Amino acid sequence: MTLLQDLEARLATALAAVLGGPASAAVTAAADLRFGDYQTNAAMVLAKQRKTNPRALAREIIDQLQLDGLATADIAGPGFINFRILPEAYAAKATALLGDVKLGVPAIGEGKTVVVDFSAPNVAKPMHVGHIRSTIIGDSLCRIARFLGFVVIADNHIGDWGTQFGMILHGWKTLLDAEALEADPIPELLRIYRDVNSATKADPSVLETCKNELVKLQAGDAENLAIWQQCIDVSKRGLQKIYDTLDVKFDHWLGESYYNDRLADLVDEFLTKGLARESNGAICIFSDGTKKPEEDPFMVHKEEGWTDNPAIIRKADGGFLYATTDLATLQFRIDEWKADQIWYVVGVPQSLHFRQIFEAAARWGKTGNFQHVAFGSILGDDRKLMKTRSGENVQLVDVLTESVERAARIIAEKSPDLQGEEAAMIAKIVGIGAVKFAELSQGRLTDYVFAWDRMLALQGDTAPYLQYSTVRIRSIFRKLDAPFDAASAVITLNQEAEIHLARLHARFGELLPLIIEDFRPNLLANYLLELARAFHSFFEACPVLKADGPVRESRLALCELTSRVLTTGLGLLGIQCPERM
RNA sequence: GCACCCGUAGCUCAAUUGGAUAGAGCGUCUGACUACGAAUCAGAAGGUUAGGGGUUCGAGUCCCUUCGGGUGUACCA
């Protein structure tokens, strides 16, 4: 049980006594330490309902509170009840956490299966910086959900069946440089894609040719299928290299093509069940009229007024669309994988699409907790969304390479004793960590303009700062004569810096469930910065190796626990910690 | 037109979803390495939370409105 849960349980008991019936109220971590460690506004909320004096009610609640050995409580301001955790309680908590591999994190996901749909690049095109958010946020959410006990299925729903293959097939047949493809396939695929794309603009008949190639592919033409398969294979190998660099893993790579042979039946089912109907030759899902137009994803306001905004599941030419594959995918995940939840880590611009998909799924009888985990856009220097087609975008590989190189330069400057393989490995851990942390420490909905320096910073509120904290701790343990036995250590707290460390340790388990509620890994990032700052302050104020007896043992144990929380927390963000740096 | 996201220190961003005197980093300024690692620490300056109304004990957060940026809106994904 976390301290917060403990307080809530005791508060509920006190409330029941005061109100004469079952009642509960939320306790939150205090925003400011001057007001204690935790607070509740239960008295103010209840006083409003009962039209009584909030401070008097708070007094009654406190008189009923049994906080023996845990905390003290007092009234402040308009009727807050502030809790101050006793140092002995923090010490006991920290000591207990030393023996807990989960570090106090509750298994709130036990028995639930969640599919996380993230990254999902289009094949035959390199990933540019705009693709980084889904990949990194999605991976982190997978790790956090697993740590909370969820069964997590990480699925890379790659775009391997889109209209871009019309152009690529045409380019493959007319423009392909076999040697270039052999040497480095992805840039060559991108080159032919771009060349054909610009050719279609100059000459509309090229576009027709491309469409025909696509139709042949979708009809099962052997030659086109073989080319398509080759594209997929080289693309996947290229993508895998980036995922290896990023330390991102998927359980499945079920792309759009996987669902191809289910689409016709799906459309038929929607037609026979009356969920969709024909309109202008296309098969569409329309509004069912149960919502106000401004809240209805199938309605849109144009100059002439409110009008239909259907989700098209089959084009007039018989082709299938994004919405069709997404519905087939959702069905598969619910029926085959028994998913209770599906989290789609996809940018804000697609929010309308997901509102339509979720609504259509509900009418179809596919129930589950579906979440569009939307994130803001990465903008180019012109403050416009980065587009794949324009081609001037910074590629993801280049960002990662540059970050590792910058880290290597800093290592050479600050730790010249590190050499060769070891230095290169550390540069990779630090450089990649910096990029990931830059992304994860930000609120996911904010847009930002891509800038090298913000993404690759190595000082201040960055991953290297956190990694450096763990390195300093490990350095201490290397200096010990005998291995430190954390399992039998007892933590006692005297200095304010020690108490603050233990306070933050206790919060780790309270924080993680909060993160998954709203999909905000940045809360974890901020927490880790706070913990590292607290550690550095402690480290300046409290000698460890120079202390004696129980104080030394306690401080070593605090170091050990801090190291574990930092390493675990960074691990949940997908960031590793080096032994030295 | 309508819908969605956003606007917070010079810059880049937070703020546990309605809590108390809005916090970090970068940059600027003062200090601290013969020291358990200075990729660090201790401290200072920096704010009408885009503007204006409203709701209530209490608003960066909710409602209305104006301005500014981004995105979406029938056969791309």
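Lettering of chains follows the sequences in order, A, B, ..., and the numbering in each one begins at 1. Since the structure is predicted, the reported quantities are computational estimates derived from the model, not experimental observations.
- Taking only distance into account, the side chain of A:Asn82 meets the base of B:A20 through a donor-acceptor pair shorter than 3.5 Å.
- Shown here are the side-chain hydrogen bond (donor to acceptor under 3.5 Å, both in side chains) partners of A:Asp317, two or more places apart in sequence or in another chain: there are none.
- If you take CG of A:Asp518 and P of B:A15, they are 11 Å apart, rounded to a whole angstrom.
- Checked for salt-bridge contact, A:Glu359 and A:Lys291 meet the test: a charged N lies under 4.0 Å from a carboxylate O.
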Go through the steps to decide whether A:Ser351 and A:His372 satisfy the test side chain to side chain donor-acceptor pair (under 3.5 Å), and finish with yes or no.
-> CA-CA 7 Å; A:Ser351 55; A:His372 176 202; 5.2 Å; no
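- Atom CG in A:Leu504 sits about 17 Å away from atom P in B:U16, given to the nearest Å.
- The base of B:A77 does not come close enough to the side chain of A:Thr325 for any donor and acceptor atom to sit less than 3.5 Å apart.
- The pair A:Arg406-A:Asp453 meets the salt-bridge criterion, with a side-chain N (NZ, NE, NH1 or NH2) lying under 4.0 Å from an Asp/Glu carboxylate O.
- Rounded to whole Å, the P atom of B:A59 lies 37 Å from the corresponding atom of B:G72.
- Protein atom CZ of A:Arg503 is 19 Å distant from nucleotide atom P of B:U16, rounded to whole Å.
- A:Asp461 meets the side-chain hydrogen bond (donor to acceptor under 3.5 Å, both in side chains) test with A:Arg533; sequence neighbours excluded.
- Distance from the side chain of A:Leu445 is smallest for B:C5 among the nucleotides B:A77, B:C5, B:A74.
- Judged as a side chain to side chain donor-acceptor pair (under 3.5 Å), the pairs with a partner in residues 534-546 of chain A (not counting sequence neighbours) are, in order, A:Ser469-A:His536, A:Arg472-A:His536.
- Between the side chain of A:Arg507 and the base of B:U16 there is no donor-acceptor pair of N/O atoms closer than 3.5 Å.
- Mapping A:Asp308 and A:Ala323 onto RNA chain B via the closest heavy atom, the residue that lands nearer the 5' end is A:Asp308.
- Rounded to the nearest Å, the gap between the P atom of B:U56 and that of B:A15 is 28 Å.
- A:Ser140 meets the side-chain hydrogen bond (donor to acceptor under 3.5 Å, both in side chains) test with no other residue; sequence neighbours excluded.
- In this structure, CG in A:Asp37 is found 10.0 Å from NE2 in A:His500, a value given to the nearest 0.5 Å.
- The side chain to side chain donor-acceptor pair (under 3.5 Å) contacts involving residues 507-528 of chain A comprise A:Tyr38-A:Glu510, where partners must be two or more places apart or lie in separate chains.
- Atom CD1 of A:Ile378 and atom P of B:C6 are 17 Å apart (whole Å).
- Rounding to whole angstrom units, CZ of residue A:Arg520 and P of B:U16 are separated by 6 Å.
- Evaluated for a side chain to side chain contact (heavy atoms under 4.5 Å, CB included) with A:Phe508, the options A:Val565, A:Leu561, A:Thr2, A:Leu531 yield exactly one hit, A:Val565.
- Aromatic ring pairs are classed by plane angle as parallel below 30°, tilted from 30° to 60° and perpendicular above 60°; the pair A:Trp452 and A:Phe450 is perpendicular.
- Among the nucleotides B:C4, B:A15, B:C41, the one closest to the side chain of A:Ser351 is B:C4.
- Here B:A15 presents its C1' atom at 13 Å from CG of A:Leu514, a figure rounded to the nearest Å.
- Proximity note for A:Asn309 (side chain, C-beta onward) versus B:G72, B:U73, B:A20: the nearest is B:U73.
- Comparing B:U17, B:A20, B:A74 by their nearest atom to the side chain of A:Ala31 picks out B:A20.
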Atom pairs, protein N/O to nucleotides 22-24 of chain B N/O, distance under 3.5 Å:
from  : atom 1 : to       : atom 2 : distance (Å)
B:A24 : O2'    : A:Asp461 : OD1    : 3.3
B:A24 : O2'    : A:Asp461 : OD2    : 2.5
B:A24 : O2'    : A:Arg533 : NH2    : 2.6

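- One interatomic measurement links the two molecules: CZ of A:Phe83 to P of B:U16, which rounds to 20 Å at whole-angstrom precision.
- A:Gly443 comes within contact range of the sugar-phosphate backbone alone, with a heavy-atom separation under 4.0 Å but no base atom that close.
- Distance, A:Leu33 CG to B:A15 P: 18 Å, rounded to whole Å.
- Remark: the separation of the P atoms in B:C6 and B:U48 is 23 Å, to the nearest Å.
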Protein heavy-atom contacts under 4.0 Å, written 5' to 3' over nucleotides 27-40 of chain B as B (base), S (sugar-phosphate only) or - (none), form the string ---------BBSBS
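- Taking the six-membered ring wherever Trp is involved, the centroid distance between the rings of A:Tyr322 and A:His353 falls below 6.0 Å.
- Between A:Arg478 and A:Glu579 there is a salt bridge, since a side-chain N of the basic residue sits under 4.0 Å from a carboxylate O of the acidic one.
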When the side chains of residues 157-169 of chain A are checked against the rest of the protein, which donor-acceptor pairs come out under 3.5 Å, sequence neighbours left out?
from     : atom 1 : to       : atom 2 : distance (Å)
A:His157 : ND1    : A:Leu254 : O      : 3.0
A:Asp160 : OD1    : A:Glu256 : N      : 3.0
A:Asp160 : OD1    : A:Ser257 : N      : 2.7
A:Asp160 : OD1    : A:Ser257 : OG     : 3.4
A:Asp160 : OD2    : A:Ser257 : OG     : 2.8
A:Trp161 : NE1    : A:Asn260 : OD1    : 3.1
A:Gln164 : NE2    : A:Gly159 : O      : 3.3

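- With a glycosidic angle no more than 90° from 0, B:C33 adopts the syn conformation.
- Shown here are the side-chain hydrogen bond (donor to acceptor under 3.5 Å, both in side chains) partners of A:Asp296, two or more places apart in sequence or in another chain: A:Ser287.
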For nucleotides 54-57 of chain B, which of its nitrogen or oxygen atoms have a protein nitrogen or oxygen under 3.5 Å away, and what is each distance?
none

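- Using a 4.0 Å heavy-atom cutoff across all strands shown, A:Asp317 reaches no nucleic acid atom at all.
- The separation of B:A44 from B:G70, taken at their P atoms, amounts to 40 Å, rounded to a whole angstrom.
- A:Gln419 is linked by a side chain to side chain contact (heavy atoms under 4.5 Å, CB included) to nothing, counting only residues two or more places apart in sequence or in another chain.
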In the 5'-to-3' direction, what one-character label does each nucleotide of nucleotides 61-69 of chain B receive under the scheme B = base within less than 4.0 Å of a protein heavy atom, S = sugar-phosphate only, - = no such atom?
-> --------S
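- Picking from B:A74, B:A3, B:C41 the nucleotide with the shortest atom distance to the side chain of A:Ser537 gives B:C41.
- Atom name P, nucleotides B:A50 and B:A22: the rounded distance is 15 Å, in whole Å.
- Minimum atom distance to the side chain of A:Gln39 is reached by B:A20, of the listed B:U17, B:A3, B:A20.
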